[in-house]
2 protein chains.
Amino acid sequence: MSLASDRARPAAAGKPTLYKRIRLDIETRILTGEWPPGHRIPFEHQLMARYRCSRMTVNKALSELAQADLIERRRRAGTFVRRPQHLSAVLKIADIRAEITALGRSYGYQLIDCRRRTATSADRARLGMSTAGKVIAIACRHSADDVPFAVEDRLIDLSTVPEAATADFAREPPGSWLLHHVPWTEAEHTISAVLADDHTAKALDIAVGAPCLVIDRYTWRSARTVTAVRLHYPGETHRLVARFKGG
Amino acid sequence: MSLASDRARPAAAGKPTLYKRIRLDIETRILTGEWPPGHRIPFEHQLMARYRCSRMTVNKALSELAQADLIERRRRAGTFVRRPQHLSAVLKIADIRAEITALGRSYGYQLIDCRRRTATSADRARLGMSTAGKVIAIACRHSADDVPFAVEDRLIDLSTVPEAATADFAREPPGSWLLHHVPWTEAEHTISAVLADDHTAKALDIAVGAPCLVIDRYTWRSARTVTAVRLHYPGETHRLVARFKGG
DNA sequence: TTGACTTATATGTCTAGACATATAATCGTG
DNA sequence: CACGATTATATGTCTAGACATATAAGTCAA
């Protein structure tokens with residue numbers, strides 16, 4: 001018998017912990033194709049023997065790989081390399097101010113229009129409001145190094161976010177304000193391409209009929225809609241980048 | 001002292017396991033805003049007492065929440081609700097055939113052009129090839145209910161995927177073939193908007209100058225490029241939808 | 001006041017077991 | 001051979017500890 005300390009890894013010089021090493025070993029074998037989809041990974045007790053550790057340690061490594069959908073675990077049958085099903089890419093849509101400053105460019109913001117009103121039927125439809133209520137409608141523009149970057153057309157539901165009534169959207173972009181005042185939301189983005197209409201072309205300083213990338217974002221929180229926003233980007237200069245891993 | 005069986009949850013009628021219950025409890029408090037960003041979550045030993053369980057059980061729940069970036073754990077300081085940093089959305093870019101059939105529409109495929117050649121310098125630049133080699137260049141079209149859905153312009157690096165030389169791309173779309181023959185790749189997508197040129201307009205049966213959504217996808221596997229593909233979608237009818245949670 | 005040292009503490013990892021449970025495989029029976 | 005009952009087994013969850021480690025907080029001297 002050995003005491004815990006006998007096996008407890010001494011964390012020597014930058015060496016990762018044992019379960020992380022196991023996880024990386026297996027992940028590498030999968031990603032290089034050495035263990036192709038469908039391949040059965042050694043049983044937990046075999047990995048225990050190979051790495052000279054307890055089952056919980058092996059289990060922790062395998063659990064994390066299962067959470068990441070790299071492997072599938074079936075009782076009695078064993079653990080198998082998954083066949084990647086869907087190409088899911090992670091699209092990072094940052095706060096526009098953060099996005100621009102991250103590029104090392106200077107961020108500019110202009111409020112074009114901001115009005116508070118009782119929701120019209122069009123507003124209610126856009127926000128999915130079932131009852132009457134107040135909203136804030138905002139039009140604004142973001143620029144990078146004084147070049148128009150995107151125009152924004154937003155509606156905020158004041159019955160969900162009453163504090164928004166006191167925010168100063170002339171000073172702070174509504175996206176940033178919401179990000180810091182309404183935590184942990186869910187959202188749906190729809191991306192499409194359109195031609196710049198008269199109004200958009202003027203705001204973005206591009207030609208009428210130039211291509212624009214449009215992002216529609218609906219944000220909600222515990223089944224209550226927070227905001228609906230439509231962003232127009234100049235389609236020839238702006239790009240959305242999504243990276244992904246796994247199939 | 002109690003034996004393991006005393007505490008071991010009896011898995012009664014559909015009740016989730018204890019660590020999952022702990023995880024859900026905490027997640028709910030965060031998502032509803034009861035515990036706002038920056039709030040310190042009870043220490044592990046407090047949660048042990050509250051749920052009458054061992055530290056490992058609490059730890060498993062907290063570890064999973066930390067992996068999902070909902071909380072941040074700091075030694076000696078405690079565990080805190082994270083302030084969501086970036087709006088990361090999961091964009092599911094399915095195999096086009098799967099996407100269309102999932103919509104309940106009939107999938108159609110036409111190979112426009114397929115040729116095998118020694119990589120030109122343009123090919124090498126597009127694929128990031130450092131040495132000479134053979135490639136396959138493919139142009140094809142996907143349609144839904146006989147309406148053009150997307151046109152595809154693809155390059156496959158035969159030195160990475162030699163089996164592709166024997167595939168029949170007149171019968172099977174190259175995307176599907178690659179998905180089933182080259183597991184566990186990584187990729188980067190770039191999304192932009194352009195105007196349809198003459199060639200694209202004809203293939204998609206839309207007007208020249210109509211807006212198009214363009215997806216450029218580079219796929220690689222263990223530092224070797226597999227394929228580069230550019231997809232044009234009619235911008236006014238096609239939409240990319242990305243859902244996300246947390247921020 | 002500031003900087004260096006010490007201490008307390010919460011998390012990080014690990015062990016050697018235990019019982020629970022789903023299910024693949026086997027066995028029996030008609 | 002078909003089908004239901006039994007068994008074996010791999011994973012799922014949990015325990016009651018242990019030592020490791022980073023670091024916030026407190027202590028003390030210059």
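Worth knowing before you read on, the calculation uses all heavy atoms, side chains too, and leaves out hydrogens, waters and symmetry mates.
Nearer the 5' end of DNA chain D, as judged by each residue's closest nucleotide, is the contact made by A/Arg74, out of A/Arg74 and A/Met56.
What you find for B/Ser143 and B/Ile100 is that their closest heavy atoms are O-CD1, 3.7 Å. Between B/Asp157 and B/Val135, the shortest heavy-atom distance links the atoms CA-CG1, 4.5 Å. In this structure, A/Arg221 and B/Leu31 approach most closely via the heavy-atom pair NH1-O, 3.6 Å.
Close to D/dT11, at under 4.0 Å from its OP1 or OP2, lies a side-chain N or O of A/Thr79. OP1 or OP2 of C/dT13 sits under 4.0 Å from a side-chain N or O of A/Lys20. Not one side-chain nitrogen or oxygen of A/Ser54 sits closer than 4.0 Å to the OP1 or OP2 atom of C/dG17. Under 4.0 angstrom from either OP1 or OP2 of C/dT15 there lies at least one side-chain N or O belonging to A/Thr57.
Checking D/dG12, C/dG12, C/dT13 against the side-chain heavy atoms of A/Tyr19 singles out C/dT13 as nearest. Of the candidates C/dA10, D/dC14, C/dG12, C/dG12 carries the atom nearest the B/Asn59 side chain, counting heavy atoms from C-beta on.
Rounding to whole angstrom units, CD of residue A/Glu64 and P of C/dG12 are separated by 12 Å. For A/Tyr51 and C/dT13, the OH to P distance is 17 Å, given to the nearest whole Å. Spacing between atom CD of A/Gln67 and atom P of D/dT13 amounts to 11 Å, rounded to whole angstrom units. Put simply, NZ on A/Lys60 is 17 Å from C1' on C/dA16, counting in whole angstrom units. Between the CZ atom of A/Arg40 and the C1' atom of D/dT11 there is a distance of 13 Å, given to the nearest Å. Look at CE on A/Met48: it is 14 Å from P on C/dC14, rounded to the nearest Å. Rounded to an integer number of Å, the gap from CG of A/Leu18 to P of D/dC19 is 19 Å. One can place CZ of A/Arg55 at 8 Å from P of D/dG12, the figure rounded to the nearest angstrom.
Between B/Glu99 and B/Arg97 no salt bridge is recorded (no basic side-chain N to carboxylate O distance below 4.0 Å). Ionic pairing of B/Arg73 and B/Glu44 is present here: one or more N-O contacts between side-chain nitrogen and carboxylate oxygen are shorter than 4.0 angstrom.
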Original post:
What string of B, S and - do you get for nucleotides 4-9 of chain D, 5' to 3', when a contact is any protein heavy atom under 4.0 Å?
Top reply: ----BB
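For A/Thr57 (side chain) and A/Cys53 (main-chain N/O), no donor-acceptor pair under 3.5 Å exists by modelled atom type.
Side-chain contact between B/Tyr19 and B/Val58: absent, with no pair of heavy atoms (C-beta onward) separated by less than 4.5 Å.
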